[in-house]
Amino acid sequence: GGFRVGGPVVFPGLFNGRNTAFFFVNYEEFHQPGGSTENRTILNPAAQSGIYSYEAGSGVRSVNLLNLAASRGQVSTVDPTVTAILNDIRTATGQAGAITGDIDPNLQRYSFNVDTQSVRRYPTVRGDYNLTGNHRISGSYNYQKFTDFPDTLNNREARFPGFPVQAGQSSIRKGFSSSLRSTLGRNLVNEARFGYSGAPVTFFGELTPEMWSGSVANQKGFQINFPSIGSTPTSPSAGPSPQGRNATTLLLENTVTWLKGSHSISLGGAWTQ
């Protein structure tokens, strides 16, 4: 969707810009819903309860690690925070998606779909103003804003359905240019130009500390990463690393053109940062 409008700048009773001031505005907006299939590695119910299975010469064997730890005088209970997170993961996998077995007897594969939304906005504005019969100033501004949520490209979608930690990416492309064209005589013209462009990008700006201590997947304010068990089970969230960047360009230039008979001479300079 979008619209376009332009013409002389007129404010009844205040300013009449006919033949003097002109404007142009164009706006477009683009929405694209989508989705991606995400794959996770989770403990199977036996491993989650402490029963570890391993390959032996006679086949797969199992041992209760908690009982083994107790018999050796070691810690024989699972950390309560980890227990709660594993239970939340098991509950989440029952809401949507599919669970399949894994070559590792302690693990399962979980697949589910993540809905995504991409929005693009494109406003453009231009203005022209005849200061006098010999001087005209023009300016245009282009602005493009892209938002994607969640950012599946950088793995910032929720690790499991209903989990709180997820964030998107937003980026802006903006450019401004203006010129002042002056007729200084019958054969002398000066044109000054100014230009600016920028491209600020924000990654994961929606992240807040509270996401790591909510009622679901409560990590007690920490980022918990599971250790490897042959393969590494998927952690309850991606890391908390919001960041941004920007690249800007600034341009100033001026050109004088002198017409003499069938010849023209142009002189000028430009500065860029």
Side-chain angles (χ1 to χ4, degrees), residues 31-53 65-66 75 77-119 146-171 201-245:
H31 290 248
Q32 182 177 6
S36 64
T37 300
E38 304 297 331
N39 298 301
R40 308 294 190 231
T41 301
I42 61 175
L43 294 178
N44 61 31
Q48 187 172 330
S49 67
I51 299 175
Y52 180 76
S53 299
L65 296 181
L66 300 180
V75 176
T77 58
V78 182
D79 179 88
T81 299
V82 174
T83 297
I85 291 174
L86 292 176
N87 289 336
D88 287 344
I89 290 175
R90 180 59 57 179
T91 299
T93 59
Q95 297 177 10
I99 297 176
T100 58
D102 187 86
I103 191 172
D104 189 312
N106 301 293
L107 302 176
Q108 292 177 317
R109 298 291 177 180
Y110 171 63
S111 302
F112 69 108
N113 293 327
V114 174
D115 293 331
T116 61
Q117 178 67 255
S118 297
V119 180
F146 304 159
T147 57
D148 297 281
F149 188 89
D151 185 359
T152 55
L153 178 64
N154 293 295
N155 304 313
R156 283 315 187 273
E157 72 281 353
R159 291 296 174 88
F160 297 94
F163 274 35
V165 180
Q166 60 177 337
Q169 176 186 155
S170 66
S171 58
V201 184
T202 301
F203 295 95
F204 329 134
E206 299 87 352
L207 296 179
T208 62
E210 292 74 22
M211 291 180 174
W212 277 262
S213 57
S215 58
V216 177
N218 186 349
Q219 302 179 68
K220 304 298 184 181
F222 294 92
Q223 168 65 28
I224 295 179
N225 296 312
F226 293 146
S228 176
I229 308 174
S231 297
T232 303
T234 302
S235 299
S237 69
S241 56
Q243 54 191 283
R245 61 171 178 249

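The side chain to side chain donor-acceptor pair (under 3.5 Å) test applied to Ser170 returns no partner, not counting sequence neighbours. Take Phe149 and apply the ring pair (Phe, Tyr, Trp, His ring centres under 6.0 Å) test, not counting sequence neighbours, and it matches no residue.
Taking 4.5 Å as the limit, every side-chain heavy atom of Val165 sits out of range of all side-chain heavy atoms of Phe204. Side-chain contact between Thr116 and Pro150 is present, with at least one heavy-atom pair separated by less than 4.5 Å. Inter-residue side-chain proximity for Leu107 and Pro233 is flagged as met; some heavy-atom pair is nearer than 4.5 Å. Between Gln117 and Thr147 the shortest side-chain heavy-atom distance does not fall below 4.5 Å. Counting heavy atoms from C-beta outward, Phe163 and Asp88 have side chains that approach closer than 4.5 Å. Counting only heavy atoms from C-beta outward, the side chains of Ile224 and Ile85 approach each other to under 4.5 Å. Considering only heavy atoms from C-beta on, Asp151 stays 4.5 Å or farther from Glu157 through its side chain. Side-chain contact between Arg245 and Phe203 is present, with at least one heavy-atom pair separated by less than 4.5 Å.
With Arg90 contributing its side chain and Leu43 its backbone, the two residues share a donor-acceptor pair below 3.5 Å. For Asn154 (side chain) and Arg156 (main-chain N/O), no donor-acceptor pair under 3.5 Å exists by modelled atom type. No donor-acceptor pair closer than 3.5 Å links the side chain of Gln32 to the backbone N or O of Ser118. Judged purely by atom type and a 3.5 angstrom limit, Asp148 has no side-chain atom pairing as donor or acceptor with the backbone of Gly168.
With values rounded to the nearest 0.5 angstrom, Leu153 atom CG is found 10.5 Å from Ser36 atom OG.
The residue from Ile42, Leu86, Thr234 that alone fulfils the side chain to side chain contact (heavy atoms under 4.5 Å, CB included) condition with Phe226 is Leu86. The only member of Ser237, Ser235, Ser241 that meets side chain to side chain donor-acceptor pair (under 3.5 Å) when paired with Gln223 is Ser237.
A pairwise comparison of heavy atoms in Ser231 and Arg109 identifies OG-NH2, 4.0 Å as the closest pair. The heavy-atom pair separating Gly239 from Trp212 by the smallest distance is C-CZ2, 4.3 Å. Residues Gln166 and Ala158 approach most closely at CB-N, 3.6 Å, considering heavy atoms. Closest non-hydrogen pair, Asp79 versus Thr81, comes out as OD2-N, 2.9 Å. Scanning both residues, Phe112 and Phe160, for their nearest heavy atoms gives CZ-CA, 4.0 Å. When every heavy atom of Gly221 is checked against every heavy atom of Ser213, the shortest pair comes out as N-CB, 4.0 Å.
Neither side chain, Asn155 nor Glu38, offers a donor N or O lying under 3.5 Å from an acceptor on the other. A side-chain N or O of Thr37 and one of Asn113 form a donor-acceptor pair less than 3.5 Å apart. Side-chain contact, Arg40 with Ser111: no donor N or O sits under 3.5 Å from an acceptor N or O.
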Handout entry: Trace of the side-chain contact (heavy atoms from CB on, under 4.5 Å) decision for Thr41 with Thr232
Key = CA-CA 7 Å; Thr41 301; Thr232 303; over 6 Å; no

